[in-house]
Amino acid sequence: MKKSSTSVQELPGAAVRRPTPPPAWQPRTDPAPLLPDPEPFRVLGTPAAAGADPALLLRLYTELVRGRRYNTQATALTKQGRLAVYPSSTGQEACEVAAALVLEDRDWLFPSYRDTLAAVARGLDPVQALTLLRGDWHTGYDPHEHRVAPLSTPLATQLPHAVGLAHAARLKGDDVVALALVGDGGTSEGDFHEALNFAAVWRAPVVFLVQNNGFAISVPLAKQSAAPSLAHKAVGYGMPGRLVDGNDAIAVHTVLAEAVDRARRGEGPTLVEAVTYRMDAHTNADDATRYREDAEVQAWRAHDPVKLMERELLERGVLDEDGVRKAAEGAEAMAARLRERMNADPELDPMDLFTHVYAEQTTQLAEQAALLRAELEASADPASGDAGSTGGEAAGERR
Amino acid sequence: MTTTAVKPATMASALQRALRDAMAEDPTVHVLGEDVGTLGGVFRITDGLAAEFGDERCTDTPLAEAGILGTAVGMAMYGLRPVVEMQFDAFAYPSFEQLISHVAKMRNRTRGAMPLPITVRVPYGGGIGGVEHHSDSSEAYYMATAGLHVVTPATVDDAYGMLRAAIASDDPVVFLEPKRLYWSKAQWSPDEPAAVEPIGRAVVRRRGTSATLITYGPSVPVCLEAAEAARAEGWDLEVVDLRSLVPFDDETVAASVRRTGRAVVVHESTGFGGPGGEIAARVTERCFHHLEAPVLRVAGFDIPYPPPMLEKHHLPGVDRVLDAVARLQWETES
């Protein structure tokens with residue numbers, strides 16, 4: 001320090017000047033209230049759980065049990081070839097369920113590809129919620145009906161949509177909140193940063209929930225981010241960051257409810273990091289044993305979100321063995337219906353390929369539609385081709 | 001309404017008027033982008049809009065193109081009609097994932113339940129002495145993406161009429177503004193703007209009999225000038241202004257080439273993998289038996305856009321168009 005100032009003095013012609021601060025600089029906001037607590041917020045297993053609303057606890061529990069069963073059923077459907085792929089949220093059900101239940105009907109949910117469960121817990125038809133993963137259409141539902149945006153496969157690109165929608169709603173005078181879901185890997189994407197920045201500058205009524213499940217496919221968080229926590233990222237944008245135990249459904253619900261209320265009051269966005277763990281592989285196509293130790297998985301198994309909630313409710317007498325059985329039976333019935341419906345082949349109209357590209361079909365697409373229609377008619381007409389081989393070979397019947 | 005006398009107006013002022021009229025007529029039209037508010041845009045196309053409609057209707061955003069377009073998607077989801085300004089052609093590239101993965105596909109992904117009426121205004125092309133990243137012709141990227149309309153005006157009338165149509169469209173429109181024509185003038189009345197052909201239709205700007213110049217945007221005036229110059233050589237050239245690259249007006253183009261029997265496609269963007277290849281193929285498929293010569297292309301060189309002191313060598317000018325026209329005398333080359 002001293003040496004360098006001496007060397008400046010020694011420069012020929014250099015005047016000794018005390019540096020003055022830039023005239024306009026001052027801290028824009030006090031960072032202290034924005035900082036997340038050092039430990040993830042927890043409720044289950046603490047005295048605070050006694051204050052929780054038993055009705056909400058039971059509702060969360062029922063949805064957790066259904067959600068777990070939904071995950072195992074959907075995974076089984078991939079093994080039967082009924083789903084092209086399923087990114088399981090087993091282990092993360094508390095986040096999914098709390099995200100769905102914290103919202104009012106008029107609010108919007110912006111899920112990523114792993115968040116089918118949140119969409120279903122919000123009321124979507126389970127089969128419609130799975131069409132993306134079955135492969136019969138990209139989005140099987142009308143997003144306006146339940147105010148659930150299409151499941152987004154590109155990472156973090158749905159976050160600016162949530163900001164824009166929330167901003168537009170506020171401009172129209174509607175007290176609508178948007179809740180956007182993203183994973184730990186998604187926080188590295190540019191759209192994550194742009195969305196948080198826009199949300200904070202516009203004070204948009206948005207809540208960002210990062211489900212930090214430890215891995216982006218195979219890449220662990222340590223190779224993903226050097227931040228103290230993902231919740232700390234909020235501070236740089238000027239919004240509060242909150243850290244929560246993502247396997248504690250009531251804690252996630254509590255933190256999200258506060259953030260949603262804050263957004264609805266016009267106080268701006270919040271970034272919530274839920275620390276959780278993906279018990280299954282990234283998808284059924286992934287081999288998780290290549291990148292993580294079984295001991296780690298077992299340690300998280302002891303912190304299972306469904307078991308945590310069940311134990312709490314049994315201990316508090318909010319639930320008894322009969323209630324546990326009824327919840328399991330309800331989930332089993334849901335799974336049976338899902339299985340039955342998913343075992344029927346969807347009826348596809350190949351002409352749908354051209355129906356929803358533009359509001360009005362272009363000449364070019366009309367010509368291509370005519371070509372496909374002619375191919376379909378030719379394959380349907382046994383006189384027009386080799387009757388023995390029309391079935392599997394015919395255009396439009398390829399799967 | 002009092003009638004303003006028809007007097008010279010620039011393309012820039014016509015675009016500005018189109019935005020103003022659209023915002024006045026439809027409260028769901030919102031303008032957003034970097035510098036569009038207080039400054040009025042670096043080309044002043046949005047000048048006065050924030051003052052007239054407030055900064056919630058004409059919004060200066062943070063400097064983030066993906067964020068600008070991504071938030072516009074959410075706004076459109078909630079029933080607004082966002083008009084987004086990308087400051088310069090090459091500055092739009094960070095927004096491509098939003099454009100391609102969401103803007104172009106949302107109607108399709110949701111089986112029509114969630115159309116996105118977004119207009120993306122992109123000042124494009126060279127000829128203004130801009131430095132690197134300020135002169136790209138990026139239309140081929142947009143053309144290659146199903147679900148987008150891609151249009152570009154070349155006249156003051158079209159600048160107004162086509163921008164109004166783009167904003168009114170229920171589909172996303174990439175509205176390419178030939179920035180070197182911003183200051184081109186024409187007789188124009190803002191209160192009684194001329195009706196123009198709808199988006200999707202090409203227009204014959206000059207009738208001719210001996211060959212067709214197929215062009216759009218900044219190359220339209222070049223081709224009209226070339227057509228005048230070619231008269232001295234005995235060529236009577238027809239000039240077709242495409243106006244819309246997607247959808248493409250095969251009918252008008254093919255009808256012209258069938259009349260003239262010869263065609264040259266002229267544009268600024270690179271030739272290899274550029275729009276001219278697609279256009280030449282379409283013309284050949286439809287007019288093969290009418291053609292007296294191969295469809296030729298006059299395009300920018302296949303190089304990154306050059307520094308401003310060299311751009312005059314890169315941009316297709318009148319002489320290069322006339323050289324191509326001369327090469328249409330195919331029978332002399334056998």
Side-chain angles (χ1 to χ4, degrees), chain A residues 108 110 132 137-145 147 149-172 174 176 178 180 189-191 193-202 204 206 352-353 355-365 367, chain B residues 27-28 30 32 54 56-57 59-80 82 94-95 97-98 100-102 104-118 146-149 169-172 199-200 244 246-251 282:
Chain A
W108 274 76
F110 285 79
L132 169 74
W137 202 257
H138 303 307
T139 303
Y141 52 90
D142 179 347
H144 295 284
E145 193 182 337
R147 284 152 301 280
L151 298 166
S152 183
T153 308
L155 294 183
T157 53
Q158 76 278 19
L159 306 184
H161 304 173
V163 177
L165 181 135
H167 176 64
R170 198 158 64 115
L171 291 181
K172 285 191 173 186
D174 301 339
V176 165
E189 293 279 4
D191 281 65
H193 301 278
E194 299 194 14
L196 264 68
N197 191 47
F198 270 69
V201 171
W202 285 353
V206 190
D352 269 0
L353 289 175
T355 310
H356 304 296
V357 184
Y358 297 101
E360 286 177 46
Q361 202 160 70
T362 63
T363 318
Q364 288 78 26
L365 283 184
E367 286 170 5
Chain B
T28 68
H30 283 242
L32 65 159
E56 288 187 339
R57 297 271 316 271
T59 306
D60 276 332
T61 64
L63 208 174
E65 287 77 11
I68 293 168
L69 190 51
T71 49
V73 169
M75 291 165 74
M77 284 177 166
Y78 206 79
L80 300 185
S95 71
E97 186 180 17
Q98 284 294 339
I100 287 157
S101 294
H102 293 297
K105 294 178 181 168
M106 194 64 81
R107 171 186 290 279
N108 188 251
R109 290 168 73 200
T110 60
R111 290 201 209 210
M114 194 169 251
L116 294 181
I118 298 173
L148 301 175
H149 292 295
S169 170
D170 286 334
D171 282 320
I199 279 180
S244 169
V246 182
F248 189 85
D249 185 354
D250 288 298
E251 194 186 341
R282 302 188 80 83

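Residue numbering restarts at 1 for every chain, and letters A, B, ... go by the order of the sequence lines. Scope of the values below: all heavy atoms of this structure, side chains included, with no hydrogens, waters or symmetry mates.
Interface remark: B/R57 contributes no atoms to any contact with chain A (heavy atom separation under 4.5 Å). Neither the backbone nor the side chain of B/P115 comes within less than 4.5 Å of any heavy atom in chain A. A/A169 touches chain B through backbone and side chain together, each having a heavy atom under 4.5 Å away. Contacts between A/E189 and chain B at a heavy-atom distance below 4.5 Å are absent for every atom of the residue. For B/E65, the part lying under 4.5 angstrom from a heavy atom of chain A is the backbone only. Proximity to chain A (any heavy atom under 4.5 Å) is restricted, for B/H30, to the side chain, taken from C-beta onward. For B/A72, no part lies near chain A; criterion is any non-hydrogen pair under 4.5 Å. There is no contact between B/T28 and chain A, counting heavy-atom distances below 4.5 Å. Both the backbone and the side chain of A/A359 come within contact range of chain B, with heavy atoms under 4.5 Å apart. Looking at A/D191, the atoms closer than 4.5 Å to chain B (heavy atoms on both sides) all sit in the side chain, from C-beta outward. Contacts between B/S101 and chain A at a heavy-atom distance below 4.5 Å involve the side chain alone, from C-beta outward.
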A/F198 vs B/I68, test: side-chain contact (heavy atoms from CB on, under 4.5 Å). Steps then yes/no.
CA-CA 9 Å; A/F198 270 69; B/I68 293 168; 3.8 Å; yes
Apply side-chain contact (heavy atoms from CB on, under 4.5 Å) to B/Q98 and A/T157, showing your working.
CA-CA 7 Å; B/Q98 284 294 339; A/T157 53; 3.5 Å; yes
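Here the CG-OG1 distance, from B/D249 to A/T362, works out to 11.5 Å after rounding to the nearest 0.5 Å. Taken to the nearest 0.5 Å, the OG1 atom of B/T71 stands 4.0 Å off from the CH2 atom of A/W202. To the nearest 0.5 Å, atom NE2 of residue A/H167 and atom OG1 of residue B/T59 are 5.0 Å apart. To the nearest 0.5 Å, atom OH of residue B/Y78 and atom CZ of residue A/R170 are 13.0 Å apart.
Taking the side chain as every heavy atom from C-beta outward, A/S152 and B/H102 approach each other to under 4.5 Å. No side-chain heavy atom of B/V246 sits less than 4.5 Å from a side-chain heavy atom of A/Q364. Under the 4.5 Å side-chain criterion, counting only non-hydrogen atoms from C-beta, A/T363 is not in contact with B/P247.
Here the side chain of A/Y358 pairs a donor or acceptor atom with the backbone of B/L148 at under 3.5 angstrom. With hydrogens and angles disregarded, no donor-acceptor distance shorter than 3.5 Å links the side chain of B/E56 to the backbone of A/L171.
The candidate with the highest count of non-hydrogen atom pairs below 4.5 Å against chain B, out of A/E360, A/H356, A/H144, is A/H356. Among B/L32, B/T61, B/L80, B/N108, the residue with the largest count of heavy-atom pairs under 4.5 Å with chain A is B/N108. Across B/M77, B/R111, B/M114, the residue that shares the most heavy-atom pairs under 4.5 angstrom with chain A is B/R111. Of the listed residues A/E194, A/H138, A/K172, the one with more heavy-atom pairs under 4.5 angstrom with chain B than any other is A/E194.
The two residues B/T110 and A/T139 have their closest heavy-atom pair at CA-CB, 4.2 Å. The shortest non-hydrogen separation linking B/R109 to A/L151 is NH2-O, 3.2 Å.
A 6.0 Å sphere centred on CD of A/E367 holds more than 12 heavy atoms belonging to other residues, nucleotides or ligands.
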